[in-house]
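Remember, predicted model here, so these are calculated numbers, not experimental data. One-based numbering, in listed order, for ligands and for the atoms of each. Just so you know, these numbers use all the heavy atoms, side chains as well, and skip hydrogens, waters and symmetry mates.
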Amino acid sequence: MSALTAEQITAGYRGVPVVRGVALHVEAGTTVAIVGPNGAGKSTFLKAIVGLLKGTTGTVRVNGTDVSGWPTPAITRQGLGYVPQVSNVFPSLTVQENLELGCYVSPKLYPVQLPKVLELFPDLRSALRRKGGELSGGQRMMLAIGRALMADPKVLLLDEPTAGLSPLYAQKVWSLIGDVAGSGVGILVVEQNVGMALAGSDWVYVLTGGRNNVDGPAKDMNPVRLGEIFLGAGGGDVAEVRRG
Ligand SMILES: Nc1ncnc2c1ncn2[C@@H]1O[C@H](COP(=O)(O)OP(=O)(O)OP(=O)(O)O)[C@@H](O)[C@H]1O
Ligand SMILES: [Mg+2]
């Protein structure tokens, strides 16, 4: 049983599909990356999985439970955490208040999760009373991930967690992703930087034009061929995309 299974996901905005028939699965304790050009539908796909888009069709299972069509808070309670690409912390609330909101669906998790999250993110401990809006981009991303972890998710969806960060901080985020996966959480991460996606994940899916293009083990993917796919040179099977 996969931690997350999505099948035949079709979703979009105002009745116009952007993502068509996309499928993917994530095993517990592994990191799966989605790469693809701007506008490919990566964020739309994540939003559809967490129940944020009306009219989504297809099946989503979290730890074997079919959550298709469930409201987002119920999906969160089932163990699916989500860090959106933008507006992922409340700027006028303190770090501590942001973390508290992370377990609003199950407040009794707060005293259990807070020490774990602060151990993973020592920077947040010294910033507990600061406002979210006063943090640097990197610290804000740490807070957003920490907030999602407050609900003790089985699967964590991260939409471009390294966007706009310095290479050093981006490495830090990927190293944290490894730590979280190491604790048994399944991670699905959208990453613009193909090199980082290949280095940090177990499996990679390539999304182009709202459809699955190719997927395979990260260690077997050829970055040059992936680049060609991004530029519209079409899809292929994994064998074609293997490192040559
Ligand atoms: N709220 C929205 N309303 C209408 N169309 C939208 C909305 N959000 C995204 N789209 C459209 O859906 C398509 C896919 O967008 P999406 O944000 O999913 O792509 P993406 O792969 O995440 O791109 P990026 O790499 O730039 O983040 C784009 O054509 C975009 O214009
Ligand atoms: Mg996006």
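For Arg225 and Glu228, the salt-bridge test passes: some basic side-chain N is under 4.0 Å from an acidic carboxylate O. The residues Asp152 and Arg77 are annotated as not salt-bridged, no charged nitrogen and carboxylate oxygen being separated by less than 4.0 angstrom.
Of the polar atoms of Gly36, none of the N or O atoms is found under 3.5 Å from an N or O of ligand 1, judged by distance alone.
Ligand 1 does not have Gly12 within reach: every non-hydrogen atom of the residue lies 4.0 Å or more from it.
Because the distance cut-off is set at 2.8 Å, Ser43 qualifies as a neighbour of the Mg ion (ligand 2) through one of its N, O or S atoms. At a cut-off of 2.8 Å, Gln85 coordinates the Mg ion (ligand 2) through an N, O or S atom.
Side-chain heavy atoms closer than 4.5 Å link hydrophobic residues (I, L, V, M, F, W, Y) into clusters, and following such links, even through other members, never connects Leu109 to Leu101. Tracing side-chain contacts under 4.5 Å through hydrophobic residues (I, L, V, M, F, W, Y), one never reaches Val60 starting from Ile187; they form parts of separate clusters.
In this structure, a donor-acceptor pair under 3.5 Å is present between the side chains of Trp174 and Glu191. Side-chain contact annotation: Lys42 with Tyr205, donor-acceptor N/O pair under 3.5 Å absent. The closest side-chain donor-acceptor pair between Thr65 and Asn63, if any, does not fall under 3.5 angstrom. Neither side chain, Thr76 nor Tyr104, offers a donor N or O lying under 3.5 Å from an acceptor on the other.
Close approach of ligand 1 to Gln192 is summarised as follows: ligand atoms under 4.0 Å from at least one heavy atom of the residue are 25 (O). Close approach to Arg14 involves these atoms of ligand 1, each under 4.0 Å from a residue heavy atom: 3 (N), 4 (C). Against a heavy-atom cut-off of under 4.0 Å, Gln85 is close to the following atoms of ligand 1: 27 (O). Below 4.0 Å from some heavy atom of Pro37 lie the following atoms of ligand 1, by number and element: 21 (O).
Scanning all heavy atoms of the two residues, the minimum distance from Thr10 to Pro17 falls at CG2-CB, 3.9 Å.
Contacts of Thr44 with ligand 1, taken as heavy-atom pairs under 4.0 Å, involve both backbone and side chain.
For atom 14 (C) of ligand 1, the choice among Ser43, Ala48, Gly210, Gly39 with the nearest heavy atom turns out to be Gly39. Closest to atom 13 (C) of ligand 1 by heavy atom, among Val18, Asn38, Val19, is Val18.
Atom 25 (O) of ligand 1 has its closest protein heavy atom at Lys42 NZ, 2.7 Å. For atom 5 (N) of ligand 1, the nearest protein heavy atom (residue, atom name, distance) is Tyr13 CD1, 3.4 Å.
Remark: atom 31 (O) of ligand 1 lies closer than 4.0 Å to no protein heavy atom. For atom 9 (C) of ligand 1, the nearest protein heavy atom lies closer than 4.0 Å.
With hydrogens and angles ignored, the 3.5 Å screen pairs no side-chain donor or acceptor of Arg140 with any backbone N or O of Ala144.
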